[in-house]
Amino acid sequence: MRWKMWLILCACCLLAACGQADGPPEADTPEPAPLEGVFVSDYGSLSFNGDGESISWDLDAEFAREGGLTAAQGQGAYVFLFHNEEWRYDKAERFVILEGEIRAEFSNVFGRTGEAAIVLALPWDAGTEVAFVREPAG
C-alpha cells in the first residue's frame, strides 16, 4: 500500500515539474530596450533600427540558406519567440526572421542573448554557438 502512495506522489511531482517547464521563463528583470545597431559575427551581420520589428541582414550564404532565408542579404521583420508566443529577446528560445512569406527560424541561446550580443546556434550544428556582437555606436 505504501509503495502505491509513493508512486502517486512521485507521479504528481513529475507532472508538476514538467508543467512548469512549458511556461515562459520568468521576466524577473526589467524588459530590455529594443535591439538597435549592427551586430556582427564571423557569419555576417544583423542590423536593427530600434523599432522592435525591422531587420536587415548580410549573412554568409550557407548560414542564411541553412536558416531558411532565400537570400544572404535582405530586409524584413523579426520576432523572438518562446514556444509560439512573442517574447523578450533575453528570455526567448527562438529568433525568427520574416522575409516576406518566408519564415527563417534560429535557435536563440536565451541565457546569453542580450543588448550587447545575440547568441544563436548554428543552423547545421545546434551544439555550436555563434555570437553576433553589437558594434560600438559611432
- line: Heavy-atom closest pair (P34 atom, G52 atom, distance to 0.1 Å) is CB-N, 4.0 Å
field: Where at least one partner belongs to residues 31-54, residue pairs that pass salt bridge (charged side-chain N to carboxylate O under 4.0 Å, His left out), sequence neighbours excluded
entry: none
query: Can you tell me how far CG of L46 sits from CD1 of I97, rounded to the nearest 0.5 angstrom?
result: 5.5 Å
- line: In short, A72 meets A61 closest at the heavy-atom pair CB-CA, 4.1 Å
message: Is any side-chain heavy atom of F106 closer than 4.5 Å to one of I118?
response: no
field: Reported CZ-to-CG distance for the pair R65 and D60, which is rounded to 0.5 angstrom
entry: 8.5 Å
message: Rounded to the nearest 0.5 Å, what separates atom CG in L120 from atom OH in Y43?
response: 12.0 Å
Closest non-hydrogen atom pair between A126 and A121, with its separation: O-CB, 3.5 Å
query: OG of S47 to CG of D58: how many Å apart, nearest 0.5 Å?
result: 8.5 Å
message: Would you say L122 ends up clustered with F39 if hydrophobic residues are merged whenever their side chains have heavy atoms under 4.5 Å apart, either directly or through other cluster members?
response: yes
task: Output yes when a side-chain donor or acceptor of E99 lies under 3.5 Å from a complementary backbone atom of T70, and no otherwise.
output: yes
- prompt: Between N108 and A92, what is the shortest heavy-atom contact and its length?
  reply: ND2-O, 2.9 Å
- request: Assess the pair Y78 and F48: is the distance between their ring centroids shorter than 6.0 Å?
  value: yes
query: Looking only at heavy atoms, what is the nearest atom pair of L59 and A64, with distance?
result: CB-CB, 4.2 Å
query: From L98 CG over to E105 CD, what is the distance, rounded to the nearest 0.5 angstrom?
result: 9.0 Å
message: Given 3.5 Å as the limit, does a donor-acceptor pair link the side chain of R103 with the main chain of G68, or not?
response: no
field: Connected hydrophobic set around V119, excluding itself, where side chains approach under 4.5 Å
entry: V109
- prompt: Any donor and acceptor pair, going by atom type alone, linking the side chain of W57 with main-chain N or O of G76 inside 3.5 Å?
  reply: no
Closest heavy-atom pair and its distance - F110, K91: CB-C, 3.6 Å
- prompt: Can you list every pair that meets side chain to side chain donor-acceptor pair (under 3.5 Å) and has a residue in residues 119-132, with sequence neighbours left out?
  reply: R112-E129, D125-T128
- prompt: Y89 and F132: aromatic ring centres closer than 6.0 Å?
  reply: no
- request: Look at atom CD of Q75 and say whether more than 12 heavy atoms of other residues, nucleotides or ligands are closer to it than 6.0 Å.
  value: no
